[in-house]
2 protein chains.
Amino acid sequence: MLSKSSKYGIRAVLYLASTASPTKNIGTKEIAATLNIPAPFLAKTLQQLSKKKIISSIKGPHGGFFMTNNNLEKSIFDIIYCIDGQHKFEECFLGYPECSDLEPCVVHDVYSPLKKSLLQRLKTKTILEMAKESTTPFDSLENLIADGSL
Amino acid sequence: MLSKSSKYGIRAVLYLASTASPTKNIGTKEIAATLNIPAPFLAKTLQQLSKKKIISSIKGPHGGFFMTNNNLEKSIFDIIYCIDGQHKFEECFLGYPECSDLEPCVVHDVYSPLKKSLLQRLKTKTILEMAKESTTPFDSLENLIADGSL
DNA sequence: ACCTAAATATGACTTTTATCATATAAAAAG
DNA sequence: CTTTTTATATGATAAAAGTCATATTTAGGT
């Protein structure tokens with residue numbers, strides 16, 4: 001479905017939204033460690049998002065990534081679009097190029113509405129809202145505890 | 001979502017279901033040409049399906065692939081499972097390993113039901129039923145006409 | 001029996017995706 | 001003004017997915 005880059009990106013942004021702030025930046029290493037994501041790979045993904053103003057960053061000591069209020073108004077769809085591109089949600093489930101409401105494939109009538117409601121959700125909910133209602137935070141609170149961070 | 005192999009496989013099986021029969025086998029080349037699929041690639045996929053008894057084949061002159069009544073009772077899910085494996089439908093949309101009804105990710109409540117109804121459809125409808133209700137047949141009737149086959 | 005047409009089996013090649021590594025640039029701290 | 005810390009940029013490597021090519025087997029036709 002989504003590429004790993006997108007998934008990693010979304011998880012990282014959600015983590016940022018709930019933990020970082022303009023006054024408290026978070027670096028790639030910390031995010032990667034907390035989320036069990038390969039750090040150099042995540043870095044590249046975060047740069048893409050930063051370039052498209054979906055997240056913010058500052059360099060130097062105590063630098064890192066964070067979310068402005070503007071960033072928090074972005075949607076998860078924005079992240080996916082930035083990393084994987086639009087086409088992710090435009091393909092027919094069976095890959096028929098001409099599949100549409102007029103010329104539906106055999107699962108179009110069931111797949112298409114499902115896709116629409118998922119898309120609707122991904123486009124309308126803001127990162128902020130998503131982060132607030134998130135109950136499962138991150139992979140490895142255990143790790144933080146083991147590290148002594150918690 | 002699905003791998004290309006799966007998509008190609010499904011389209012080929014649907015084509016077989018509506019066109020071939022135990023007395024009228026169809027070869028890889030014809031299927032590939034009609035569906036605009038690379039022939040050697042399709043061949044490999046059809047072999048996998050044949051080995052798992054989802055389609056049937058006979059070798060030699062006038063040989064090819066076809067569907068028995070038994071084959072026609074299989075589902076599209078069987079095809080996907082044979083080619084891509086189960087895990088295709090078990091992953092969390094955002095890739096959280098521990099995502100579940102108890103520990104849902106932020107799109108779990110919307111994604112999970114959608115996935116279930118799609119799966120339900122893919123598992124319960126037989127190939128035969130699918131083929132019958134299919135209105136969009138294949139990519140390139142034009143090609144066949146241009147070739148003089150029609 | 002021999003030839004031919006087709007599936008089968010295997011492997012090589014290419015492209016994409018994912019991962020890792022290195023060098024540069026910027027900003028804070030001493 | 002130098003050092004250190006972190007993002008940024010770029011590219012190298014690895015793994016997976018997709019594509020193509022070749023040889024082998026089987027079965028029908030002659």
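Each chain gets a letter, A, B and so on, in the order the sequences are listed, and its residues count up from 1.
- Look at Y8(B) and you won't find any side-chain N or O under 4.0 angstrom from OP1 or OP2 of dG18(D).
- Between the C1' atom of dA21(C) and the CG atom of L42(A) lies a distance of 16 Å, rounded to the nearest Å.
- OP1 or OP2 of dT8(D) sits under 4.0 Å from a side-chain N or O of S50(A).
- Atoms CG (N25(A)) and P (dT5(D)) sit 16 Å apart, rounded to a whole Å.
- One hydrophobic cluster holds both I10(A) and M130(A) under the rule that ILVMFWY side chains link at heavy-atom gaps under 4.5 Å.
- Side-chain atoms of L72(A) and N69(A), non-hydrogen and from C-beta on, do get closer than 4.5 Å to each other.
- Here the P atom of nucleotide dT17(C) and the CG atom of L2(A) are 13 Å apart, to the nearest Å.
- For residues 53-62 of chain A, proximity to DNA chain D is found at S57(A), I58(A), K59(A), G60(A), P61(A), defined as any non-hydrogen atom under 4.0 angstrom from a strand atom.
- For a distance-only test at 3.5 Å, the side chain of K44(A) qualifies as a donor-acceptor partner of the base of dG11(D).
- Q48(B) has its CD atom 12 Å from the P atom of dA17(D), to the nearest Å.
- Dashed line: the shortest gap from a side-chain N or O of T28(B) to OP1 or OP2 of dA7(C) is under 4.0 Å.
- Put simply, K4(B) has a side-chain N or O that comes within less than 4.0 Å of OP1 or OP2 on dT19(D).
- Looking at heavy-atom distances under 4.0 Å, P38(A) makes contact with sugar-phosphate atoms alone, never a base.
- Residue contacts shown for K7(B) are absent, as no nucleic acid heavy atom lies under 4.0 Å away.
- More than 12 heavy atoms of other residues, nucleotides or ligands sit less than 6.0 Å from atom CZ of F66(A).
- Going from atom CD of Q47(A) over to atom P of dG11(D) covers 14 Å, rounded to whole Å.
- A donor-acceptor pair shorter than 3.5 Å cannot be found between the side chains of E91(A) and Y96(A).
- Taking atom CZ of residue F66(A) and atom P of nucleotide dT6(D), one finds them 15 Å apart after rounding to whole Å.
- Between V110(B) and F93(B), the closest side-chain pair of non-hydrogen atoms is not below 4.5 Å.
- Using a 4.0 Å heavy-atom distance criterion, K51(A) is classed as a sugar-phosphate-only contact.
- The pair R121(A)-D109(B) meets the salt-bridge criterion, since a charged nitrogen lies less than 4.0 angstrom from a carboxylate oxygen.
- Straight-line distance from the NZ atom of K52(B) to the C1' atom of dT8(C): 16 Å, rounded to whole Å.
- Per the geometry, CD1 belonging to I37(B) stands 16 Å off C1' belonging to dA17(D), to the nearest Å.
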Review item, side-chain donor-acceptor pairs of residues 43-53 of chain B, under 3.5 Å, at least two apart:
| residue | atom | partner | partner atom | Å |
| --- | --- | --- | --- | --- |
| T45(B) | OG1 | F41(B) | O | 3.3 |
| S50(B) | OG | S57(B) | OG | 3.4 |

